[in-house]
Each structure stands twice: as structure tokens, then as C-alpha cells.
Number of protein chains: 2
Amino acid sequence: MSIARLARHLGLSEGTISRALNNYPDIAKKTRERVQKAARDLGYRPSSSARRLARGVIETIGFVLPTCRTQHSDPFLAEILNGLASELARHDWDLLVSAVPEGQDEIEVIDRLVSSGKVGGFVIARTYRQDARVDYLRQSGVPFVVQGRTDDPSDYSWLDIDNEQAFVDAVTYLRGLGHRKIACLGGDPKMNFAWQRRCGYLRAMAQQGGHIGVGYLIDGITDAVSAKNATAHLLSISKSDRPTALLCVTDAVAIGAMQALNGAGLTVGRDMSVMGFDGLPIGLAVQPALTTLHQDSYEIGREAGRMVLELCTSSATSPSPSPRQTLWQAKLTPRASVNPPGTSPAQQNQGG
Amino acid sequence: MSIARLARHLGLSEGTISRALNNYPDIAKKTRERVQKAARDLGYRPSSSARRLARGVIETIGFVLPTCRTQHSDPFLAEILNGLASELARHDWDLLVSAVPEGQDEIEVIDRLVSSGKVGGFVIARTYRQDARVDYLRQSGVPFVVQGRTDDPSDYSWLDIDNEQAFVDAVTYLRGLGHRKIACLGGDPKMNFAWQRRCGYLRAMAQQGGHIGVGYLIDGITDAVSAKNATAHLLSISKSDRPTALLCVTDAVAIGAMQALNGAGLTVGRDMSVMGFDGLPIGLAVQPALTTLHQDSYEIGREAGRMVLELCTSSATSPSPSPRQTLWQAKLTPRASVNPPGTSPAQQNQGG
DNA sequence: TACGCTACCGAAAGCGCTTTCGGAAGTCAA
DNA sequence: TTGACTTCCGAAAGCGCTTTCGGTAGCGTA
């Protein structure tokens with residue numbers, strides 16, 4: 001079904017059809033309604049390629065999937081994409097998702113999408129402290145929004161969780177319960193979210209006079225398995241120096257840690273408190289339920305969508321609109337895996 | 001950068017540029033190389049809208065995200081999309097990912113993508129036994145591949161794991177270890193993967209003369225939390241009738257079950273064996289490591305991509321190509337959460 | 001020299017839409 | 001009845017490509 005067919009069918013010109021469907025004011029009300037009804041009845045919808053070509057717009061946002069093929073699948077990805085795509089759909093924009101095939105690099109992929117006019121804007125996630133994608137996009141002039149930040153986040157648009165503050169809050173919370181010996185399982189320090197959390201831990205411990213024992217801060221823990229091993233290692237510390245609380249860079253890491261503690265015959269939430277970050281659903285099911293810092297990935301995706309849309313529409317008029325930067329707070333969610341040190345079972349936190 | 005500019009720049013006509021870049025044989029080798037070099041140097045790439053309009057092709061596959069917004073994020077989604085997008089990228093096709101905004105239904109979304117010519121084929125996942133999307137696509141004439149199957153999978157293309165056989169294998173495996181009282185935590189019976197696994201359990205138990213005690217089969221367990229509750233309920237069965245092994249519809253469910261068992265003071269892999277399905281990374285970290293049936297989501301995504309590409313290219317010639325159906329076997333992966341009933345710790349499976 | 005043949009390139013139509021422009025009909029006041 | 005004004009629609013150009021067709025230049029052959 002093309003506009004030509006519809007025009008012939010109604011005895012009108014193509015231009016009139018187009019203007020009627022696009023609500024131009026110079027079309028008689030009766031005509032407009034007749035056209036719109038016919039279009040509905042015949043299931044006509046303008047070809048998006050033709051429309052975009054004629055109007056010179058793109059109306060598509062690109063998203064490049066993180067390349068962690070074999071790795072632990074990003075548990076948020078589904079929700080972020082859902083939020084992002086939902087928001088875009090509200091304005092009839094599309095989301096083009098691209099992978100990085102083996103042997104190519106991410107910049108090539110982005111560049112191809114941009115220069116072939118397939119996407120008019122970008123959202124990127126899993127941001128590194130130094131991120132080649134951000135560098136590329138910054139100089140390319142393409143509107144983009146970063147979920148996360150780089151080390152130098154001044155002159156582009158991003159949306160991030162306040163990871164540092166969240167870990168400060170976490171330390172404060174633990175200290176408020178009486179914990180003094182707090183260890184930290186940190187992630188890949190090249191990823192900025194992990195780095196920021198690490199910074200928050202260090203800052204809060206320094207400011208609040210906490211004791212960072214030897215081996216209390218372990219970097220490079222990216223999944224549950226490495227967390228399990230690291231925790232087992234942590235337990236080799238003599239009992240008097242052993243931490244009473246364990247702050248983990250993600251829920252997955254926290255769960256790995258919990259398993260190691262269980263395996264060593266310790267009871268999480270009594271012999272050692274464990275705290276995660278993310279708010280994964282599984283945190284509610286583990287024993288005990290995991291205290292965590294919650295972030296809403298769906299809403300993050302939506303907000304990223306809003307931001308990139310705003311950027312694209314405003315960059316259509318002004319050449320380089322001022323960056324829009326948003327910082328959200330994670331929500332500390334107390335459950336049963338954190339309790340005051342030396343808590344007996346009867347006193348335990350019953351949250352969950 | 002447009003083809004017109006490039007043409008003027010080189011003193012050639014647009015047609016010549018186009019044919020040179022598309023390797024037409026009637027272009028002098030010298031000219032072709034000159035054009036290709038200039039295109040590379042100037043970063044020219046044809047506008048995909050214009051190209052698609054002119055060629056009358058679409059070269060984009062649609063994927064509609066499962067609508068489980070609040071729900072447990074699909075852990076495979078990232079990998080499936082990665083596999084799918086990688087395979088499509090190899091042939092310069094795109095992946096358009098769409099969400100279903102609130103208040104709309106999935107069919108509308110699909111229909112819009114198809115009739116506006118945004119996508120030329122579809123991949124759908126999370127298939128129900130009766131699935132409106134499949135019904136719609138079947139009558140629409142759009143090439144599509146289903147990851148999973150409906151109840152009546154005869155006349156369309158799909159790619160599925162042999163869920164029923166996998167659970168038959170699981171039961172056989174458990175019986176081989178000496179288990180006779182095997183319970184099953186089944187998922188949502190409207191989802192076909194859950195239904196098929198349930199069928200496999202029932203069939204194997206019947207054929208092998210296993211005892212399905214009262215309350216051994218529990219449906220509707222879709223996440224770790226409901227699994228935890230269901231398992232607690234299972235433990236109310238008197239010890240003599242209590243199952244010795246627990247077959248779970250997914251790894252997430254298995255992990256929830258393990259937590260409940262731990263919480264009740266039982267040792268998984270000794271007092272009760274637990275088996276999952278999926279091969280989630282976290283299954284390696286839980287204590288004990290989770291015996292599971294593994295499926296490779298990345299490869300599933302890739303194969304779906306191959307299939308839908310084949311379908312699209314062949315449906316360009318013949319009107320309705322014969323469906324392509326693929327059934328893969330899940331890989332039984334023994335780890336420590338399953339052992340013969342009544343195993344003492346020293347004899348336990350050390351897998352992992 | 002004339003012929004046919006190949007190699008190569010330009011011209012032009014067309015893909016399905018949008019949008020500007022101009023003009024025909026209708027409306028109203030003088 | 002005329003003129004100015006509005007209302008509404010058709011004509012046509014153009015978006016950036018692809019692809020067919022036709023024609024010219026250069027070649028070899030007779």
C-alpha cells in the first residue's frame with residue numbers, strides 16, 4: 001500500500017493525502033477525515049525510508065551492546081532497553097541495537113551507523129573512566145547520552161547514579177550499626193561505576209575514621225565466582241583482624257561472597273554482614289535477603305531516552321545545545337544480610 | 001557527504017560513483033579504485049534511507065522486547081541480542097528493538113513496524129503455547145523466526161531447545177544416581193518452555209516408574225522468591241514422603257529453592273539434590289555449585305539470525321519458502337548440587 | 001577506411017514520500 | 001457586478017540513492 005494507490009483510490013492527489021495525514025491546516029476537515037479513515041481501513045502507513053529521506057530526518061537512536069559475550073550477562077540490559085525503547089516509541093522514534101562483531105572495534109560500528117545515516121543519536125552504557133566511544137562521539141557532533149560518566153564528564157550529556165555517595169551512605173549505614181572493620185570487594189577499576197564506588201568507600205572510611213585493614217580492599221571482582229574466591233581469601237585473615245562487614249560492588253558479587261561465607265560455616269548477617277548494589281530480584285531470595293543499594297534500570301533507560309530526544313530535537317535548531325547532566329541517588333534498601341556486628345539470631349533484621 | 005558531492009569532487013557522474021562503489025563490472029578498474037579511495041578518505045557512506053528506498057529493500061529485523069517491565073529481567077536477553085545482532089551485522093542488516101508502551105498491545109507494535117516498512121522480518125522470543133504474535137505473523141506473510149515454539153509449530157520457522165528431552169534426561173540422570181522421589185518446580189504453564197519441561201518430567205517419571213508424590217509438582221514458579229516459598233512448603237511434607245531431589249524449571253528457581261533449603265538447615269547436595277536449567281553464571285558461585293542443563297544463548301541468537309536472514313532472502317524470490325526448524329539439545333552439566341540420595345559430605349560430587 | 005565489438009561512462013527515470021507554490025473555486029463587502 | 005480574500009487542492013520539485021539504457025571512444029579485424 002503506497003500513497004499513490006491511496007490517492008488514486010480516493011481520487012485525490014498524493015500531496016493532499018500527505019498533508020491530510022500530517023494534519024496540515026489547509027485541508028478541508030471533511031477531506032482530512034475521509035483520508036484518515038481510508039488510511040486506517042486500508043492499513044496504510046507511509047514508508048519510513050521514503051518519509052525520512054524526504055524530510056531529511058533520522059528519528060533513530062543507536063545503542064551498541066556491551067561486548068561481554070561470554071561474560072555474565074548484564075542483568076539490567078533488558079530493563080534499560082525497555083525503558084529506552086518505550087520512551088522513544090512515545091515519539092515515534094526507533095531504537096537500533098548493534099553488536100560489535102569479532103575483529104571490529106566499537107568505534108567503527110558507531111561510525112558506520114552515524115555516517116550511513118542510520119542513527120541520529122546515541123546512548124551508550126557501561127562507561128569506562130577513559131572511554132574511546134565518548135571521545136569519538138564528542139568530536140563527531142552526534143547527539144549522545146552516556147549512562148554513567150567518564151573521568152572528565154564536563155562537556156557532554158550523561159545520566160548517572162551517584163555511586164560515590166551511595167557507597168559513602170553504605171559505609172555510614174554500616175558504621176551506624178556499629179561496624180568498624182569494613183571490607184570492600186571492588187570491581188574493575190577501569191569501569192567508572194566501580195571506581196566511583198571504590199572512591200566512596202575510601203572517602204567515607206577516611207572521613208569517619210574507619211579502619212581499612214590489610215587486604216580489606218580487593219579490586220577486580222567482576223562476578224560471583226571471583227567474589228567467592230576473594231571472600232574465601234578474606235577469611236584467611238586472623239579472626240581478630242577480620243572485617244565484620246563486606247561492602248560489595250554489585251549484588252552478583254555480594255551473592256558470591258555470601259556463598260563463600262556459607263561454605264565456611266559462617267552465618268551471613270550475624271558473623272559477617274554483606275551489602276550489595278543494584279537491587280537484583282534474586283537478592284530477595286537469597287538467605288538471608290540481601291541488603292543493597294537499589295537503582296531502577298527501567299527509569300534510567302527512560303530518562304536516557306528523554307534526554308537523547310531532547311538533545312536531538314534541540315540540536316536540529318541550535319548547533320550544539322548545552323549538555324544535560326542528571327545524577328540520581330541509589331536507594332539504600334535494608335534487608336537481613338546486614339546487622340550490627342555480633343548480632344544473635346533473635347535480634348536479626350527481619351527485612352525482605 | 002552525499003553522492004552528488006563526491007561525484008562533483010571526482011568529476012564523475014553520480015551513477016558512476018554508485019556503480020563503482022557497488023562493484024559493477026562495467027566500471028574501469030582504475031576508476032573504481034579511485035572512487036573507493038575517495039569515498040574512504042572522505043568518509044562517504046550512502047544514506048541508508050535513500051539506498052533502501054531506491055533498492056526497495058529493508059534489511060532490518062525487528063525484535064520486540066518481552067513486556068516484563070517490573071519482572072525479573074531476562075538473563076539471556078543480552079546474549080541473545082548480541083548473537084542476533086552480530087549475525088545480522090555480518091550481512092549489513094540491522095536490528096530494530098522495540099518495546100511495548102503501556103496501553104498498547106504487542107500486535108499493534110509489530111504491525112506498525114511491518115506496515116511502515118521499518119522491518120522486513122521478525123524474531124520473537126519468550127513464546128507462549130498459544131501466542132498471538134505467532135498467529136499474527138503467520139497470516140501476515142512477514143518472514144519470522146520464533147525462539148521457542150507454540151503448541152502447533154508445524155508451519156513456521158523456529159529454533160528451540162528440546163526442553164522436554166532435557167527434563168527426561170534430567171530425571172534419568174537423577175534416577176541413575178538412585179533418586180526415586182523427585183519433585184519438580186515448574187514455571188508458568190502458559191509459557192511453552194515451562195510446559196515442555198513439565199511434560200518431560202511427567203513423561204520420564206511415568207516411563208521410568210518414578211513416584212510422583214502429592215505436592216511433588218508445583219506450577220507457576222517464575223522467580224527465586226516464589227521458588228523459596230514453594231520449597232518451604234515442600235518441606236512440610238513428612239520426612240518419609242519428602243522428595244530427595246528437586247528439578248527446577250530455571251536456575252533462578254533452583255537458587256531460590258537452595259536458599260530455602262539452607263534456611264531450613266538442610267544441606268543441598270546431601271539432604272536434597274537440586275537441579276536447574278539455563279547455565280547462568282551465578283550457578284557456578286552458589287554453594288554448592290548448581291547442576292544444570294545448559295543452553296548457549298549467544299549461539300541461539302546467532303542461529304536465529306542466520307535463519308531469519310535465510311528466510312528473508314529466499315522469500316524475496318519464492319513467495320513462501322518452506323519453514324526451517326531447528327531443535328538443539330541442552331547440555332547436562334553435573335556440578336555439586338546433585339548427588340546420590342543420602343550422600344555423606346566426603347562422597348560428594350566435586351564438580352564446578 | 002569501414003565495420004563490428006568491447007569497455008566505459010553519462011543521462012535519466014524512478015523509489016515513496018514531503019512541502020512549496022500557484023491557482024481555481026467560493027465568500028464576502030462594497 | 002466587481003474586487004479582494006479566503007479556502008482548498010493539484011502540480012511539481014526534490015530528498016539521495018540505484019539501475020537501466022544509450023552512446024561515445026577506442027580497439028581489432030577485414
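- Of all heavy-atom pairs spanning Val109(B) and Ser98(B), the tightest one is CG1-OG, 3.3 Å.
- Under 4.0 angstrom from either OP1 or OP2 of dC17(D) there lies at least one side-chain N or O belonging to Tyr44(B).
- Between dT18(D) and Arg51(B), a contact under 4.0 Å exists linking OP1 or OP2 to a side-chain N or O.
- Of all nucleotides listed (dC17(C), dG16(D), dT18(D)), dG16(D) comes nearest to the side chain of Ser2(B).
- Atom-to-atom, CG of Leu6(B) to P of dC17(D) comes out at 9 Å; the value is rounded to the nearest Å.
- The OH-C1' distance, from Tyr24(A) to dG10(D), rounds to 15 Å in whole Å.
- Counting heavy-atom neighbours within 6.0 Å of Tyr136(B) OH, excluding the residue itself, gives a total above 12.
- Heavy-atom neighbours of Tyr44(A) OH from other residues, nucleotides or ligands within 6.0 Å: above the threshold of 12.
- As a whole-Å value, the separation of Glu33(B) CD from dC9(C) P is 12 Å.
- For Ala50(A), whose side chain is taken as the heavy atoms from C-beta onward, the closest listed nucleotide among dC17(D), dT19(D), dG16(C) is dG16(C).
- Taking atom CZ of residue Arg32(A) and atom C1' of nucleotide dT7(D), one finds them 13 Å apart after rounding to whole Å.
- For the residue pair Thr150(B) and Arg129(B), the shortest heavy atom distance occurs at CB-O, 3.3 Å.
- The side chain of Ser13(B) contributes an N or O atom lying less than 4.0 Å from OP1 or OP2 of dG10(C).
- Judged by closest nucleotide on DNA chain C, Ala28(B) is the one of Arg19(A) and Ala28(B) placed further toward the 5' end.
- You'll find that the side chain of Leu53(B) is closest to dC15(C), out of dC15(C), dT19(D), dT18(D).
- Close to dT18(D), at under 4.0 Å from its OP1 or OP2, lies a side-chain N or O of Asn22(B).
- For Thr31(B), whose side chain is taken as the heavy atoms from C-beta onward, the closest listed nucleotide among dC8(C), dC9(D), dG16(C) is dC8(C).
- Put simply, CZ on Arg34(B) is 14 Å from P on dC8(C), counting in whole angstrom units.
- Between the CZ atom of Arg51(B) and the OG atom of Ser49(A) there is a distance of 12.0 Å, given to the nearest 0.5 Å.
- With rounding to whole Å, Asp26(A) atom CG is found 11 Å from dG10(D) atom C1'.
- Side-chain proximity of Leu12(B) to dC17(D), dT20(C), dC9(C): nearest is dC9(C).
- The side chain of Ser18(A) lies closest to dT18(C) when the candidates are dC17(D), dC17(C), dT18(C).
- Contact between the side-chain N/O atoms of Thr16(A) and the OP1/OP2 oxygens of dC9(D) is not found at any separation under 4.0 Å.
- Proximity of Arg55(B) to the phosphate of dT19(D): a side-chain N or O atom is located under 4.0 Å from OP1 or OP2.
- Look at CZ on Arg5(A): it is 13 Å from P on dC15(C), rounded to the nearest Å.
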Exercise. Carefully, step by step, assess Arg112(A) and Asp92(B) under the rule salt bridge (Lys or Arg N to Asp or Glu O under 4.0 Å).
Key: CA-CA 10 Å; Arg112(A) 202 141 36 106; Asp92(B) 261 307; 3.4 Å; yes

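- At the heavy-atom level, Gly56(B) lies nowhere under 4.0 Å from the strands shown.
- Here the C1' atom of nucleotide dC15(C) and the CD1 atom of Ile58(B) are 13 Å apart, to the nearest Å.
- Side-chain proximity of Ile27(A) to the nucleotides dT20(D), dC17(D), dC9(D) is greatest for dC9(D).
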